[in-house]
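First comes the structure, then the notes that go with it.
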Amino acid sequence: MPRRSSTISPGFWRWHRRHVRRATCWLVGIGGFTIVTAALFIFQNADICGALSAVGGSLFLLSLPSYIYRLKCKLRVVPYFENPVDGPCTYLMGESLLNNSLALDIYLLECRMLPISSFNSGDDFLGETLVWHDPHVALPVVNQLLSAIQSNHLAINDAVAVENDLKLLAEKLRIAEQSKIKFCLLLQDNGGTNHQEHVMRKGAFFERRHRE
């Protein structure tokens, strides 16, 4: 299990921990299946077990690179919407925002406001439950963070990058609020995306779904 960065809010990190735990269970399960079937093939000469062991071994080797990538990949926090929302592309934002999220959450709690991590959600593409939030609730939170950074009341690392992330998020949320479209924040990595993923998703990262 990866160790949580001291700068990332637990509210965000718990979802990454769940993803890694599930991937670990899958890898251990496939590895155990391969070992058991291989042992049956060796000691009981069960031909079918030899075939099953070969399949299990292949699945294990194919799964290993993606598992290692999940442990080491860089993460971002990205806004995700019930329906496509016009405005700037926000899919590539969020690395600095995530990496400073603990300090942001602490500041917001001191201001008696909702932490930015409270707008996080499970990822429907991974079979998790989506929790949608109203943009008009999140906008004051984002604007408070922007004001604090711009007035130097909140000292954080990569302040310029965090401010840029918050500006993008605020602009997108204002458009979503006008369109009455709910949103949530999802953890994403830098592994890229594809058409098939966005066909399968219930929500949208982009202005329009990636459909043919």
Side-chain angles (χ1 to χ4, degrees), residues 7-16 18 75-156 158-189 193 197-198 200-211:
T7 63
I8 296 179
S9 168
F12 285 125
W13 191 256
R14 65 190 177 95
W15 290 105
H16 181 55
R18 287 185 185 184
L75 299 173
R76 300 172 289 116
V77 59
V78 181
Y80 185 57
F81 300 90
E82 277 188 302
N83 293 298
V85 174
D86 292 333
C89 177
T90 52
Y91 184 71
L92 298 178
M93 62 159 279
E95 185 175 336
S96 295
L97 182 61
L98 177 64
N99 289 336
N100 289 276
S101 57
L102 180 59
L104 301 181
D105 275 1
I106 291 173
Y107 171 79
L108 289 166
L109 289 171
E110 289 174 349
C111 295
R112 298 185 179 181
M113 301 184 73
L114 290 172
I116 190 73
S117 63
S118 67
F119 300 105
N120 201 10
S121 171
D123 192 333
D124 60 305
F125 187 64
L126 299 176
E128 298 167 345
T129 302
L130 281 170
V131 180
W132 296 113
H133 303 275
D134 289 320
H136 77 267
V137 176
L139 264 171
V141 171
V142 176
N143 287 333
Q144 178 67 29
L145 291 173
L146 272 171
S147 177
I149 292 173
Q150 291 168 348
S151 61
N152 295 320
H153 289 157
L154 177 56
I156 55 174
D158 301 324
V160 173
V162 175
E163 182 180 354
N164 289 335
D165 281 346
L166 291 170
K167 285 179 177 178
L168 277 174
L169 181 57
E171 185 174 353
K172 201 79 168 182
L173 289 179
R174 280 193 290 269
I175 298 171
E177 181 182 28
Q178 294 169 0
S179 303
K180 298 182 179 179
I181 296 174
K182 293 185 177 181
F183 89 107
C184 61
L185 297 175
L186 295 186
L187 286 184
Q188 296 290 292
D189 58 41
T193 185
E197 174 185 343
H198 295 280
M200 297 171 64
R201 283 188 173 279
K202 297 177 182 178
F205 290 113
F206 303 98
E207 292 184 33
R208 63 186 65 182
R209 293 181 186 274
H210 287 200
R211 296 185 188 276

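This structure is a prediction, so every number in the text was calculated from the model and none was measured.
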In Å, rounded to the nearest 0.5 Å, how long is the span from [atom1] of [X] to [atom2] of [Y]?
X	Y	atom1	atom2	result
I181	W132	CD1	CH2	10.0 Å
L92	R76	CG	CZ	6.0 Å
L168	T90	CG	OG1	7.0 Å
S101	I106	OG	CD1	9.5 Å

What are the two closest heavy atoms between [X] and [Y], and how far apart are they?
X	Y	value
F81	A176	CE2-CB, 3.8 Å
S117	D105	OG-OD2, 2.6 Å
L102	P10	CD1-CD, 4.0 Å
F119	H133	O-CD2, 3.4 Å
A138	L173	CB-CD1, 4.0 Å
A170	V142	CB-CG1, 3.8 Å

Under 3.5 Å: donor-acceptor pair, side chain of D158, backbone of S96: no

Would you find a donor on one side and an acceptor on the other, under 3.5 Å apart, between the side chain of S118 and the backbone of P115? yes

Side-chain heavy-atom pair [X], [Y] within 4.5 angstrom cut-off:
X	Y	answer
Y107	M113	no
C184	V131	no
F206	C89	yes
N100	T7	no
L104	L154	yes
L186	S121	yes
L185	I116	yes

Among all residues two or more places apart in sequence or in another chain, which pass the side-chain contact (heavy atoms from CB on, under 4.5 Å) test with D124?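 Counting only residues at least two positions away or on another chain, D124 forms a side-chain contact (heavy atoms from CB on, under 4.5 Å) with Y80, L130, R201, K202.
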
With sequence neighbours left out, what residues match A103 under side-chain contact (heavy atoms from CB on, under 4.5 Å)?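 Testing A103 for side-chain contact (heavy atoms from CB on, under 4.5 Å), a comparison that skips the adjacent residues, returns I156.
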
Summary of side-chain hydrogen bond (donor to acceptor under 3.5 Å, both in side chains) pairs that have at least one residue in residues 167-177, sequence neighbours excluded: E163-K167

Just do the side chain to side chain contact (heavy atoms under 4.5 Å, CB included) check on D134 and K182 with the steps written out, would you? CA-CA 5 Å; D134 289 320; K182 293 185 177 181; 3.0 Å; yes

Stepwise side chain to side chain contact (heavy atoms under 4.5 Å, CB included) check, M93 with N164: CA-CA 9 Å; M93 62 159 279; N164 289 335; over 6 Å; no

Stepwise side chain to side chain contact (heavy atoms under 4.5 Å, CB included) check, I8 with L98: CA-CA 6 Å; I8 296 179; L98 177 64; 3.8 Å; yes

Steps toward side chain to side chain contact (heavy atoms under 4.5 Å, CB included) verdict (D123, L187): CA-CA 8 Å; D123 192 333; L187 286 184; over 6 Å; no

